[in-house]
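What follows is a single structure, written as structure tokens, with notes after it.
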There are 2 protein chains.
Amino acid sequence: MMELARESHDNCELIFADQCFAEDGHFAGNDALRRKTFVAMANDPDLDAIWFVRGGYGAARMALDISSELNDAADTKLYMGYSDAGNLLASLYRANIGTQAHGPMPTDIRRDGGEKAVRRALDWIVNRDLAALDPSLEPNHIYAAFNLMTLAMMTGTPLMPNLSGHVLMIEEVSEHLYAFDRAMFHITSNLQNQKLAGLRLGQVTDIPENDRPFGENAEDIARRWCREHGIAFLGTANIGHSANNMIVPFGNSDAWRTNG
Amino acid sequence: MMELARESHDNCELIFADQCFAEDGHFAGNDALRRKTFVAMANDPDLDAIWFVRGGYGAARMALDISSELNDAADTKLYMGYSDAGNLLASLYRANIGTQAHGPMPTDIRRDGGEKAVRRALDWIVNRDLAALDPSLEPNHIYAAFNLMTLAMMTGTPLMPNLSGHVLMIEEVSEHLYAFDRAMFHITSNLQNQKLAGLRLGQVTDIPENDRPFGENAEDIARRWCREHGIAFLGTANIGHSANNMIVPFGNSDAWRTNG
């Protein structure tokens, strides 16, 4: 990982917090340790970005009210990750602290073709290379991207950002289609009154087999619930739990286009 | 099933709608057929109760705004089931149509000891036998009971009833402990301001093994999230995906105690 970063992006230095290697039951350290480590790194003026190592589950347990502990240095940073890390992206986006992007994480190096995913992530983190972005992104639009189940479990909680006017992109992994359908019902119903600009469906991967064919595929399901709740279905996006996970910066696309 | 009912409860007649045997992908008939069948039976003045055959997934797809199609005969009925059928119980409870109870369904006859579960259900449906009720129920309390994931996916949607003042009972099946934790975060956060009387944890069964031990059991998780969100944890309840699934009528317990 370090070698790959040095070789392809020699203008950056990667630092892994010791906490990343801690173990506490399901988690890489208990909630207090993970929160303390995140806050210390976010507040460190010598760091330019926080790159979440992996998803899994646990960010919701340490993301609540985290903005109250962050300083001006935290506000200058880019935060990137996806899957469960979406809880932290959402919390920071809602609090308007720093910039956030949905994109590959260091753990993706283990995937088939994972080096490409990690290089793409570094291309954005280090160089703001526009080629790393999902090709569906357009100027003067507002974007956010989440894992569907992560987003579904944030609705109505203090982690949930206001998504009005946004193109919302979602992706899912390892869920039965009936669970995908159920979560799409939940999300489109909850967002019905937020006036999304529309919804794009990312990859839906590793779907466990139903006991009988569900009767629709993921895109059918997304289209149906969008129609039911008056949300524009805009098509697909190349985000998801795969090496082909393109970057989606949160917020207005003009901000990063002019910086890029 | 019919024989069992005749033998133990000869004062009742069970009628299975043809739709129960229909197939449409994942579902027992498409949404329109299932809705039409439910509405016709609910509105039939010759029927005393609607006993949902099974859970699975699909009720959220046909429960939205269903109360607008129901008549006075629907208002005199008992509706009973659990798991995904909780979507219909919730919708009817919210609309104040009829009475609702969380309890075994005909499909439970396939379980080990399932005849006892089905007899218990009929004891309540036919005779309002108080021995069928969960022993934790007390006079002058307001109750509701749901599958946790079913409830989590109803929050913020038009299916979600107002649970203020309620003792909320939840049960879960076939979810990893991290998914249970995530759903408990969601539910306790969403219900934080509803002033529940408290929460009781039913059975949490068929938990898939985590890749490493999660670090807490289901009761630890429930207690922690209740503490975090200021909800009284009242203990356990005998409800769940097992033959030992006791009945929990929705609403104020004095209503059924005096009728019972």
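Quick note on labels: first sequence line is chain A, next is B, and so on, each numbered from 1. What you are looking at is a predicted structure, and each value in this text was computed from that prediction instead of being measured.
Only the side chain of A:E216 comes within contact range of chain B, with at least one heavy atom under 4.5 Å from a heavy atom of that chain. In this structure, chain B has a heavy atom under 4.5 Å from the side chain of A:R212, while its backbone stays farther away. With a threshold of 4.5 angstrom between heavy atoms, B:E23 approaches chain A through its backbone and through its side chain. Heavy atoms of A:D84 lying under 4.5 Å from chain B are absent altogether. Neither the backbone nor the side chain of A:L177 comes within less than 4.5 Å of any heavy atom in chain B.
Between B:H176 and A:H26, the closest side-chain pair of non-hydrogen atoms is not below 4.5 Å.
More than 12 non-hydrogen atoms from other residues, nucleotides or ligands lie less than 6.0 angstrom from CG of B:N217. Within 6.0 Å of CG on A:D18 lie no more than 12 heavy atoms contributed by other residues, nucleotides or ligands.
Among the residues in residues 153-160 of chain A, those with a non-hydrogen atom closer than 4.5 angstrom to a non-hydrogen atom of chain B are A:M153, A:M154, A:T155, A:G156, A:T157, A:P158, A:L159. By a heavy-atom distance cut of under 4.5 Å, A:Y57 are the residues of residues 50-58 of chain A near chain B, going up by number.
For residues 27-39 of chain A, the pairs satisfying salt bridge (charged side-chain N to carboxylate O under 4.0 Å, His left out) are A:D31-A:R34, A:D31-A:R61, A:R35-A:E69, with sequence neighbours left out.
Residues that satisfy the ring-ring contact (aromatic ring centres under 6.0 Å, His included) test with A:F27, not counting sequence neighbours, are B:F214.
To the nearest 0.5 Å, atom CE of residue B:M149 and atom CE of residue A:M149 are 6.5 Å apart.
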